[in-house]
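Okay, so here's the structure we're looking at.
In this text, all values refer to a predicted model and were calculated from it rather than measured experimentally. Position 1 is the first residue of the sequence, and the numbers go up from there. When reading the values below, keep in mind they use all heavy atoms of this one structure, side chains included, and skip hydrogens, waters and symmetry mates.
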Amino acid sequence: AAVRVAESNATAKILSQFWVAIPANDIRKLLNHIIAKHASDVTSTAVRATAIKTVTTLLEEDKTHAVLRSLLPSLGNLIHDKSEKVRLAVVEMLLFVKKIRG
């Protein structure tokens, strides 16, 4: 689980700094992996929460919104996660999304 948490954190850091230099197809692959695999990881609460926090971190960059807009709905069910840590991460993400204009 620690490796997957580190992977999500590193992906967020790299994408937020080098978004324009990375091909769009590669960005989508990375984000699809984090959202499809990490956000639904039934074995680790930390991995699920970190996946949400990764998306929230990326939302801080305006240039990410176009790609993330289509991926956000797939995270919606995590608001009902059994873990309070995951639910809190989702609420924090939703509050951040609410602040975004357009």
Side-chain angles (χ1 to χ4, degrees):
V3 172
R4 293 187 306 275
V5 167
E7 176 188 351
S8 288
N9 287 330
T11 300
K13 187 172 186 174
I14 290 167
L15 287 179
S16 65
Q17 292 179 357
F18 301 105
W19 187 272
V20 295
I22 300 172
N25 193 37
D26 292 339
I27 290 171
R28 282 190 185 87
K29 285 180 186 176
L30 289 167
L31 292 175
N32 280 332
H33 179 78
I34 288 172
I35 291 171
K37 302 289 185 188
H38 292 203
S40 61
D41 187 335
V42 296
T43 62
S44 174
T45 298
V47 172
R48 292 193 307 277
T50 302
I52 300 300
K53 290 176 184 176
T54 295
V55 172
T56 305
T57 299
L58 292 174
L59 284 168
E60 294 173 6
E61 302 290 332
D62 291 342
K63 59 191 169 240
T64 66
H65 296 175
V67 173
L68 290 173
R69 184 174 288 127
S70 64
L71 300 173
L72 288 177
S74 62
L75 298 173
N77 285 337
L78 290 173
I79 194 74
H80 304 294
D81 196 274
K82 63 184 177 186
S83 165
E84 182 178 351
K85 184 177 182 178
V86 175
R87 293 190 309 266
L88 180 60
V90 173
V91 168
E92 289 171 349
M93 180 188 69
L94 291 173
L95 289 171
F96 191 87
V97 168
K98 184 179 176 184
K99 293 181 200 174
I100 298 172
R101 291 188 169 177

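- In this structure, the side chain of Thr54 engages the main chain of Ser8 through a donor-acceptor pair within 3.5 Å.
- Closest approach of Thr45 to Ser83, counting heavy atoms only: CG2-OG, 2.8 Å.
- Within the 4.5 Å cutoff, side-chain heavy atoms of Ile22 are placed close to those of Ile14.
- Side-chain atoms of Leu68 and Leu58, non-hydrogen and from C-beta on, do get closer than 4.5 Å to each other.
- When Ile27, Thr64, Val67 are each tested for a side chain to side chain contact (heavy atoms under 4.5 Å, CB included) with Leu15, only one passes: Ile27.
- More than 12 non-hydrogen atoms from other residues, nucleotides or ligands lie less than 6.0 angstrom from NZ of Lys63.
- Within the 3.5 Å criterion, the main-chain N or O of Leu78 finds no donor-acceptor partner in the side chain of Arg87.
- Looking only at side-chain heavy atoms (C-beta outward), Val90 and Leu75 stay at 4.5 Å or farther from each other.
- Under the 4.5 Å side-chain criterion, counting only non-hydrogen atoms from C-beta, Met93 is in contact with Leu72.
- Side-chain heavy atoms closer than 4.5 Å link hydrophobic residues (I, L, V, M, F, W, Y) into clusters, and following such links, even through other members, never connects Ile34 to Leu59.
- Thr50 and Ala46 get closest at one heavy-atom pair: OG1-O, 2.7 Å.
- Atom CD1 of residue Ile79 and atom CD1 of residue Ile52 lie 9.0 Å apart, to the nearest 0.5 angstrom.
- Between Arg48 and Asp41 the shortest heavy-atom distance is NH1-O, 2.7 Å.
- In this structure, Leu31 and Trp19 approach most closely via the heavy-atom pair CD1-CH2, 4.0 Å.
- The side-chain heavy atoms of Thr43 and Arg4, taken from C-beta on, include a pair separated by under 4.5 Å.
- Clustering ILVMFWY residues whenever any of their side-chain heavy atoms sit less than 4.5 angstrom apart, transitively, puts Leu95 in the very cluster that holds Val55.
- Considering all non-hydrogen atoms of both residues, Ala51 and His38 come closest at CB-CB, 3.8 Å.
- Side-chain contact check for Asn9 versus Lys13: every heavy-atom pair is 4.5 Å or farther apart.
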